[in-house]
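Here the structure comes first, spelled out in C-alpha cells, and everything after it is commentary.
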Amino acid sequence: MSVLSRLGLDGELSGAWSNGGAMSTNGELLESYNPATGELLGTVRMAGVEEYESIVANAQAAFKKWRMVPAPKRGEIIRQAGEALRRHKDDLGALVTMEMGKILSEGLGEVQESIDMADLAVGMSRQLCGQTMHSERPGHRMYEQWHPLGIVGIITAFNFPNAVWAWNAMVAAIAGDTMIWKPSLKTPLTAIATHKIIDEVFTANGHPGVMNLIIGADATVGETMIHDRRLPLISATGSTRMGRHVGTVVAQRLGRSLLELGGNNAIIVEKDADLGIAVPGIVFGACGTSGQRCTSTRRIYLHEDIADSVIDKLVSVYKTITIGNPLDGGILMGPLIDEDAVKMYESALETIQAQGGEILVGGERLDGPGHFVKPTLVRAHDGMDIVKHETFAPILYVFTYSDLEDAIARQNDVDQGLSSAIFTNSFRASETFLSHMGSDCGIANVNIGTSGAEIGGAFGGEKETGGGREAGSDAWKAYMRRQTNTLNWSTDLPLAQGVRFDV
Ligand code: NAD
C-alpha cells in the first residue's frame, strides 16, 4: 500500500472538511504534483463560498460546546492529537516531502515540530494565566482572565504545509477556539491528510466542528474569510504581499490579524568565529529546504580578514551539495515548489547580473522533469536593490565588512525583520549583536544559523515580517481575549480616583 493510500488520499478528494467528514464540493479540480518527479499525486475538487458558509455555521455551533470544556480537558484531546500524529509521522513526513519537495529528514522534522507543538499545548492548557492586581479601593479585588476568542481563520504557506497549521491549531484548540484552515493550493494533500488525522481524534471525543478545512480559491474563499466579521482572528502566514492585503482588510473591520510574513535573514561572521560551525550553519541556512524557508539565510556579512577563506570554503561545499529526489537518502537539496519558482530564480539571476553581482558558484537550473536549481553564491554590493527583496530560492548574497557596528546596520537595512545570527567567540561582539543597538529582528542567534527555530520560544519577526508571534512563550495570548475583573466584597461603593457621586 502506498503512502497516499495509507493516508486515505486515493481518488478525487473533497476540498471541504467539517463536522467529522468531507462535504460535497463542485468547484474546479485542483491537481497536486510531486515537484521532484512531475508525477500527479492526487486531485481535489475545490470548495466555494457555499461550503464556507456551512463550515462557519458548524464552527459557530462547535464553539458553544468547545468553550465549555475546561482548558486542561481540551489539552487532553490535544495530547491524543499529538499521539495520532506520532502514529502517522512516517507517512505524513513522506507526504510533506513528496508534495512540497523538502528532503525526507526535513519532512519528518516538520511533523515532529507539530508533535512538539501538541506536547507544548498540553502544558499550556494548564497555564493560561492572568494576573491579579491590588485594587486602590478597600474590600476590592482585581484580576484578569483569558477567554476563548471564537472562530480563528488560519491561512498557511506552502513551505511548511503541516507545521504552520500546528503552530496555530494546537494553541487555538487549547485556548477554546474553533478554527477554519485555508491551506496553500500548492500543498492540498498534506492539509487533507493532516486534517483527517486530527479531526478523527476530535470527533471521537465528541467535538466535530472544532477543526475545519477549506480548500478554495483566494479570490472567493480566501477573500470571504478575511472579510468575515464572524472570525475575530485571522492568522496568516505567507508573503509580505499577501500579508499587507490581509492585514489591511482585517484592520478595516477592526478584527485581529496575526501575520507571519517574509524574511530577509542575514548572518554576520566575525574574524574570531569558529569556521567549523559557521560554514555548515551558513550552508544549511541557505541551501536547506532549497532556500524556501521564511528563515532561510539570504545574506552573509564576512569580516574582511576571513572573507576570502570563508568564500573559498563555501564555494567548495556548494559544489558537493547533492541535488535530487528528496525521498532518496544522501540528498541535501530537493526541488523548488513549481515552475513559477524556477522562473523567479532565473529572473533573479538576470537582475543580479544587471545590478553588478558576481555569481561565484551555481546560477542555473537542472534539466529533467523536476523543478531543480543549483544553490547559488553571489558576491554582492550594497547598491544592488535585489538584495533587499526575498527571492524564495537558494541564492545567497556575500558581503564583506571591517566594523561590526557597520555590519549590524547593513544587516538591519532591509524592510524585513525575521531572523538573524552572528558567529563569534567574542562576548563583546555577541552582546552588541543581541543588545538594543544590535539586530532588529524577532529572532537573533549566536553561533547557530538563522533557520531551524525551536517551538518553545515565540516565533515571528518585526517590520514587514508582520509583527506576529506564534508557538511558545506567551504566544497563546493572541488566540484569547483578555478580560479585567474588579470585585467588591465590601459594603461600600467607593469610586476609583476618589471621584464622589453622592446620591
Ligand atoms: P503566499 O503569500 O503566496 O500564500 C500564502 C497563503 O496566503 C496561501 O494559503 C494563499 O492561498 C493565501 N492567500 C493569498 N492571497 C489571499 C487572499 N487574498 N485572501 C486569503 N488568503 C490568501 O505565500 P507562499 O508562497 O505560500 O509562502 C512563501 C512565503 O511565506 C514566503 O514569503 C515566506 O517567507 C513566508 N513564510 C513566512 C513564515 C513566517 O512564519 N514568517 C513561515 C512560512 C512562510
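Quick note: residue numbers are just sequence positions, from 1. Order of listing sets the numbers, starting from 1, for every ligand and every atom in it. This is a predicted model, so every value here is computed, not measured.
- The nearest heavy-atom contact from the protein to atom 34 (O) of ligand 1 is E390 OE2, 2.7 Å.
- Within the 4.0 Å heavy-atom criterion, neither part of F160 lies near ligand 1.
- No side-chain N or O of E464 forms a donor-acceptor pair with one of T240 less than 3.5 Å apart.
- In plain terms, the two heavy atoms of S114 and N162 that are nearest each other are OG-OD1, 2.5 Å.
- With hydrogens left out, the protein atom closest to atom 10 (C) of ligand 1 is D218 OD1, 3.6 Å, a heavy atom.
- Using a 4.0 Å cut-off to heavy atoms of W167, the atoms of ligand 1 that qualify are 40 (O).
- Atom CD1 of I115 and atom CE of M117 lie 12.5 Å apart (nearest 0.5 Å).
- Close contacts of ligand 1 with H245, meaning ligand atoms under 4.0 Å from a residue heavy atom, involve 18 (N).
- Residue T465 places no N or O, backbone or side chain, under 3.5 Å from any N or O of ligand 1.
- Not a single heavy atom of L185 sits closer than 4.0 Å to an atom of ligand 1.
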Pair up each side-chain donor or acceptor in residues 152-160 with any protein partner under 3.5 Å, not counting sequence neighbours, and list the distances.
{"unit_1": "T156", "atom_1": "OG1", "unit_2": "W181", "atom_2": "NE1", "d": "2.8"}
{"unit_1": "N159", "atom_1": "ND2", "unit_2": "Q292", "atom_2": "O", "d": "2.9"}

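- Close approach of ligand 1 to P183 is summarised as follows: ligand atoms under 4.0 Å from at least one heavy atom of the residue are 9 (O).
- A salt bridge is defined here as a Lys NZ or Arg NE, NH1 or NH2 lying under 4.0 Å from an Asp or Glu carboxylate O, and D218 with K182 meets this definition.
- Which parts of ligand 1 touch A157 is read off a 4.0 Å heavy-atom cut-off, strictly below it: atoms 26 (O), 27 (O), 30 (O), 44 (C).
- At a heavy-atom distance under 4.0 Å, only backbone atoms of L261 (N, CA, C or O) approach ligand 1.
- Between T297 and T450, the side chains place a donor N or O and an acceptor N or O closer than 3.5 Å (distance only, hydrogens not considered).
- The contact set between ligand 1 and N159, taken as ligand atoms under 4.0 Å from a residue heavy atom, comprises 43 (C), 44 (C).
- For the side chain to side chain contact (heavy atoms under 4.5 Å, CB included) with T190, the lone residue among P161, S32, P183 that qualifies is P161.
- Distance alone, capped at 3.5 Å, places no donor-acceptor pair between the E12 side chain and the T43 backbone.
- Looking only at heavy atoms of the protein, atom 28 (C) of ligand 1 is closest to F392 CE2, 3.6 Å.
- Salt bridge annotation for E339-R365: present, with a cationic side-chain nitrogen under 4.0 angstrom from a carboxylate oxygen.
- Contact analysis puts F158 in contact with ligand 1, with a non-hydrogen atom separation below 4.0 angstrom.
- Under the 3.5 Å distance criterion, with hydrogens and angles disregarded, a donor-acceptor pair is assigned to the side chains of S420 and S439.
- Salt bridge absent: E390 and R241 never bring a charged side-chain N and a carboxylate O closer than 4.0 Å.
- With atom 38 (C) of ligand 1 as the reference point, the heavy atom nearest to it among P161, C294, S239 is part of C294.
- Every heavy atom of G461 sits 4.0 Å or more from the atoms of ligand 1.
- For E470, no heavy-atom contact with ligand 1 is shorter than 4.0 Å.
- The minimum heavy-atom distance between Y345 and E364, with the atom names listed, is OH-N, 3.1 Å.
- Across the listed options Q292, R293, E223, R241, E223 owns the non-hydrogen atom lying nearest to atom 17 (C) of ligand 1.
- One option in T220, V249, T156, I234 has a heavy atom closer to atom 6 (C) of ligand 1 than any other, and that option is T156.
- Of all the atoms in ligand 1, the ones that sit under 4.0 Å from a non-hydrogen atom of I155 are 6 (C), 7 (O), 9 (O), 12 (C), 20 (C), 21 (N).
- Between D413 and R299, no side-chain nitrogen of the basic residue sits less than 4.0 Å from a carboxylate oxygen of the acidic one, so the salt-bridge criterion is not met.
- Closest to atom 35 (C) of ligand 1, if we only count protein heavy atoms, is G238 O, 3.2 Å.
- The pair E51-R45 fails the salt-bridge criterion, with no side-chain N (NZ, NE, NH1 or NH2) lying under 4.0 Å from an Asp/Glu carboxylate O.
- By the criterion of a heavy-atom distance under 4.0 Å, neither the backbone nor the side chain of A236 is placed next to ligand 1.
- Shown here, atom 4 (O) of ligand 1 is out of close reach of the protein: none of its heavy atoms lies under 4.0 Å off.
- Under a 4.0 Å criterion applied to the non-hydrogen atoms of G222, ligand 1 contributes the atoms 19 (N), 20 (C).
- Between D474 and R469 no salt bridge is recorded (no basic side-chain N to carboxylate O distance below 4.0 Å).
- Counting protein heavy atoms only, atom 40 (O) of ligand 1 is closest to F459 CE2, 3.1 Å.
- Within ligand 1, counting atoms from 1 as listed, the ones closer than 4.0 Å to a heavy atom of M242 are 2 (O), 7 (O), 13 (N), 14 (C), 15 (N).
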